[in-house]
Amino acid sequence: MLSPNLESFIRALPKAELHLHIEGSLEPGMVFELARKHGVTLKYPTVEALRAAYDFSDLQSFLDIYYAGADVLRDADDFHAMTMAYLRRAHADGVMHSEIFFDPQTHTDRGIAMGTVIDGITRALDDAKREFGLSSRLILCFLRHLSEEAALQTLEQALPYRDRIVAVGLDSSERGHPPEKFSRVFAKARELGFLTVAHAGEEGPAAYIRTALDELKVSRIDHGVRCEEDPALVRRLAAEQIPLTVCPLSNTRLKVFSRMADHNIGRLLEQGLCVTVNSDDPAYFGGYVLANYLAVAEALSLSRAQIAQLARNSITASFLDEPSKQHWLSRLDAIASAAS
Ligand code: HPA
Ligand code: ZN
């Protein structure tokens, strides 16, 4: 059989996306459309000028623009339109399951009700399941630059929607805001039956990965690429098969690595870690999940077996039930072996 080109090989592999901030999927065109709808005046006169501002030096320089962009989201239809646009693009990339972060505090602090946010997003999740069979889970993230008290209040506000949220997570400015700042919030969330994840070791030190595991009892680490600074931690991540949701284009755009050729995902994969590929904030970082796979595959000369392993890891690391995981893993193995 003729080997398909790399792009069609990657697209055909069943993949789960596990690290995607829905507010980070808001494309410049939609920012302008919603600004017009709601009579909001933007700081940038054109789509091109806004896009030109996406020239980041670090995480904070991105977050400032990302929170400003989210200001045009005002009603449930806006959240529905943004989420639906992401799900269509993910589906086109061969994503069959997506676990989506949302940042309620970015909206409730502007006077938008928690119910408005969740209603718009979940209507799109249900539409995508019905229209093209894409399954999903929702993960509520606390903004770590805000207080423990604000996070506890957010958890309380989310309780009426408990059945639509699988896990809580932790995002925003990492340095100076260690996971243990939220130990009590995460303990409360676990008591309520939520799973937990946390961003750690993106810009922050490897020590934050350890406290996310030991204090927040997370099922996965989001990013985690700075684990390499602590070889004993790397051995632990491999031994315990703790998934890392790695975001290659995000890491180069936010200068975690200066070039894709310097990215450590290939080395971590070789050491047996359960690393996965994700798009983080695709509207801001230049590509959805397929573009992220292609970028690492090309820059690191990954083999097809290694690429298939990354997709396999995404299914294993997901919060899908066991029968669904087995279904997708056998589909994946059939596709990967037919192409080799
Ligand atoms: N890191 C931390 N917070 C975020 C990110 C990220 O990559 N994207 C959106 N919020
Ligand atoms: Zn992220």
Side-chain angles (χ1 to χ4, degrees), residues 16-27 31 54 56-71 73 79 82-83 86 90 98-109 117 121 137-146 150-151 154 167-179 181-182 196-206 208-209 212 216 218-227 243-257 263 265 275-289 291-292 295 314 317:
E17 177 151 52
L18 307 178
H19 186 154
L20 178 282
H21 301 263
I22 199 62
E23 295 88 350
S25 74
L26 186 59
E27 291 283 347
V31 170
Y54 295 178
F56 312 116
S57 50
D58 58 9
L59 176 58
Q60 193 60 50
S61 65
F62 154 69
L63 290 170
D64 293 341
I65 287 195
Y66 161 85
Y67 294 131
D71 181 45
L73 296 160
F79 287 93
M82 170 179 67
T83 307
Y86 159 69
S98 182
E99 301 191 352
I100 297 177
F101 297 133
F102 73 116
D103 286 341
Q105 288 157 293
T106 300
H107 314 299
T108 52
D109 286 359
V117 179
I121 296 174
R137 300 283 187 275
L138 201 49
I139 302 175
L140 181 158
C141 277
F142 302 112
L143 298 183
R144 69 202 302 159
H145 68 275
L146 300 179
T154 302
V168 299
L170 191 61
D171 65 2
S172 190
S173 321
E174 188 180 5
R175 285 200 208 110
H177 301 285
K181 175 176 168 185
F182 296 94
T196 61
V197 297
H199 283 55
E202 176 187 18
E203 276 193 347
Y208 285 14
I209 299 174
L216 305 189
V218 295
S219 306
R220 304 193 291 246
I221 296 285
D222 297 312
H223 292 295
V225 289
R226 285 192 61 189
C227 65
L244 303 187
T245 64
V246 177
C247 306
L249 287 172
S250 165
N251 292 155
T252 49
R253 292 296 288 269
L254 301 187
K255 314 288 193 283
V256 173
F257 297 97
H263 203 288
I265 191 169
V275 284
T276 64
V277 172
N278 308 274
S279 67
D280 207 4
D281 302 282
Y284 292 90
F285 299 147
Y288 287 75
V289 79
N292 275 271
S314 75

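Read the numbers this way: they start at 1 and go in the same order the structure lists the ligands and their atoms.
Atoms of ligand 1 lying under 4.0 Å from any heavy atom of Phe62, numbered from 1 in the order shown and given with element: 8 (N), 9 (C).
Contact annotation for Leu254 and ligand 1: no heavy atom of the residue comes within less than 4.0 Å of the ligand.
The aromatic rings of Phe56 and Phe285 sit perpendicular to each other, their planes meeting at more than 60°, with 30° as the lower class boundary. Classification of the Tyr284-Tyr54 ring pair by plane angle, with boundaries at 30° and 60°, yields tilted. Classified by interplanar angle (parallel below 30°, tilted 30° to 60°, perpendicular above 60°), the ring pair His145/Tyr67 is tilted. In this pair, His199 and His223 present their aromatic rings perpendicular. The plane angle is above 60°, beyond the 30 to 60° band. Note: His263 and Phe257 have tilted aromatic rings, judged against thresholds of 30 and 60 degrees for the angle between ring planes.
None of the N, O or S atoms belonging to His223 lies under 2.8 Å away from the Zn ion (ligand 2). At a cut-off of 2.8 Å, Cys247 is not counted among the residues with an N, O or S atom near the Zn ion (ligand 2). Here Asp281 fails the criterion, with no N, O or S atom under 2.8 Å of the Zn ion (ligand 2).
When only interatomic distances are considered, the shortest N/O to N/O separation between Asp103 and ligand 1 does not fall below 3.5 Å.
Taking 4.0 Å as the cut-off, His223 counts as a neighbour of ligand 1 on heavy-atom distance. Under the 4.0 angstrom criterion for non-hydrogen atoms, Gly24 is not in contact with ligand 1.
By the 4.0 Å N-to-carboxylate-O rule, Glu99 lies close enough to Arg220 to be salt-bridged with it.
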